[in-house]
Amino acid sequence: NAGVTQTPKFRVLKTGQSMTLLCAQDMNHEYMYWYRQDPGMGLRLIHYSVGEGTTAKGEVPDGYNVSRLKKQNFLLGLESAAPSQTSVYFCASSPRGGATDTQYFGPGTRLTVL
Amino acid sequence: QKEVEQDPGPLSVPEGAIVSLNCTYSNSAFQYFMWYRQYSRKGPELLMYTYSSGNKEDGRFTAQVDKSSKYISLFIRDSQPSDSATYLCAMSLFSGGYNKLIFGAGTRLAVHP
């Protein structure tokens, strides 16, 4: 039982390049989330999904797209990377979206955009 | 003004000390209050959550919520070097069909032997 895994762990992009971050969970959770973590800002929600085939915008969605084609996977895409997207990205999952449904986080992806 | 304010530290204490970590918030609609621990280069993990005002204890950890003052605290007794991490407070609000979490920026704690 690996929990939540993220691929890749590190990545360096040039401005304008694109990439996809992959999140996978093996806990059969319905809800999945993408956050970014920046110094002094805390974790901020980018997009989330309440089930296979569904996605919704979070607090800071601009410049990102997501897809949830399979229940266990949640992909985060950057179509044209900008230096402002340099951050640590965390994926999380929870059984459902209730107040007592713990969000389990992956180990993060460190992205640098030059 | 941020909805959740948390002093970033760093906080450095000797082993065995009592540690107090705090957050203030502005939105009285927050329903649940959580503390996450994040080790360096790892993802956050949930330590404790509380719902109502008062104290909740779990081993060496005590979470305290004062809704009237919009203030929450995490106390760590007999702190250990293994407690060295960043501690994030988080508040929940049911919005848009799911439990939205608002995080503080985190307080970095170092416990030295």
Side-chain angles (χ1 to χ4, degrees), chain A residues 2-7 9-10 21 23-25 27 29-51 54-61 68 87-111, chain B residues 1-10 21-27 29-52 56 58 63 65 72 85-108:
Chain A
V4 180
T5 58
Q6 292 183 232
T7 309
K9 290 185 169 54
F10 305 93
L21 282 67
C23 175
Q25 53 95 4
M27 297 175 283
H29 286 172
E30 291 294 331
Y31 284 60
M32 296 187 75
Y33 315 82
W34 274 108
Y35 291 90
R36 59 178 289 174
Q37 186 176 38
D38 302 291
M41 297 293 292
L43 286 155
R44 292 181 292 167
L45 184 67
I46 304 171
H47 285 280
Y48 66 99
S49 168
V50 303
T54 73
T55 62
K57 292 181 180 179
E59 184 186 356
V60 288
R68 183 109 180 259
S87 188
V88 182
Y89 292 86
F90 288 99
C91 176
S93 70
S94 64
R96 288 178 180 78
T100 56
D101 284 298
T102 301
Q103 291 191 21
Y104 296 87
F105 284 81
T109 294
R110 292 183 171 271
L111 175 66
Chain B
Q1 185 188 1
K2 294 178 185 176
E3 285 189 280
V4 179
E5 297 278 0
Q6 185 175 10
D7 188 332
L21 305 165
N22 312 293
C23 288
T24 59
Y25 62 95
S26 57
N27 191 340
F30 287 139
Q31 298 161 320
Y32 283 80
F33 305 88
M34 283 144 278
W35 287 96
Y36 281 78
R37 178 175 61 195
Q38 185 176 20
Y39 290 114
S40 181
R41 308 250 169 183
K42 302 288 185 185
E45 56 178 342
L46 181 67
L47 263 181
M48 299 177 70
Y49 75 87
T50 56
Y51 175 66
S52 58
K56 182 178 180 180
D58 184 1
V65 174
I72 71 169
T86 296
Y87 290 80
L88 308 167
C89 63
M91 325 267 169
S92 78
L93 180 65
F94 198 78
S95 172
Y98 83 106
N99 190 37
K100 177 181 177 182
L101 293 185
I102 309 296
F103 285 86
T107 299
R108 189 146 43 108

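Throughout, protein chains are lettered first and strands after them, A, B, ... in sequence-line order, and every chain is numbered starting at 1.
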- [ ] Among A:Y35, A:Y48, A:F90, single out the residue with the greatest number of heavy-atom pairs under 4.5 Å to chain B.
- [x] A:Y48
Task: Selection from A:V88, A:V50, A:T100 maximising heavy-atom pairs under 4.5 Å formed with chain B - done: A:T100
Find out whether [X] and [Y] are in side-chain contact, i.e. whether some heavy atom of one side chain is under 4.5 Å from a heavy atom of the other.
X: B:L101; Y: A:Y33; result: no
X: A:Q103; Y: B:Y36; result: yes
X: B:T86; Y: A:Q37; result: no

Task: Over 12 foreign heavy atoms within 6.0 Å of NZ, B:K42 - done: no
- [ ] Count the heavy atoms belonging to other residues, nucleotides or ligands that lie under 6.0 Å from OH of B:Y39, then report whether that count exceeds 12.
- [x] yes
Task: Heavy-atom pair count under 4.5 Å with chain A, highest-scoring of B:G106, B:A90, B:P44 - done: B:P44
Given a strict heavy-atom distance threshold of 4.5 Å, which part of [X] is in contact with chain B: side chain, backbone, both, or neither?
X: A:E59; result: neither
X: A:R44; result: neither
X: A:Y89; result: neither
X: A:Y104; result: neither
X: A:L43; result: both

Open item on the list: Report which part of B:Q38 has an atom under 4.5 Å of a heavy atom belonging to chain A: side chain, backbone, both, or neither.
Closed with: side chain
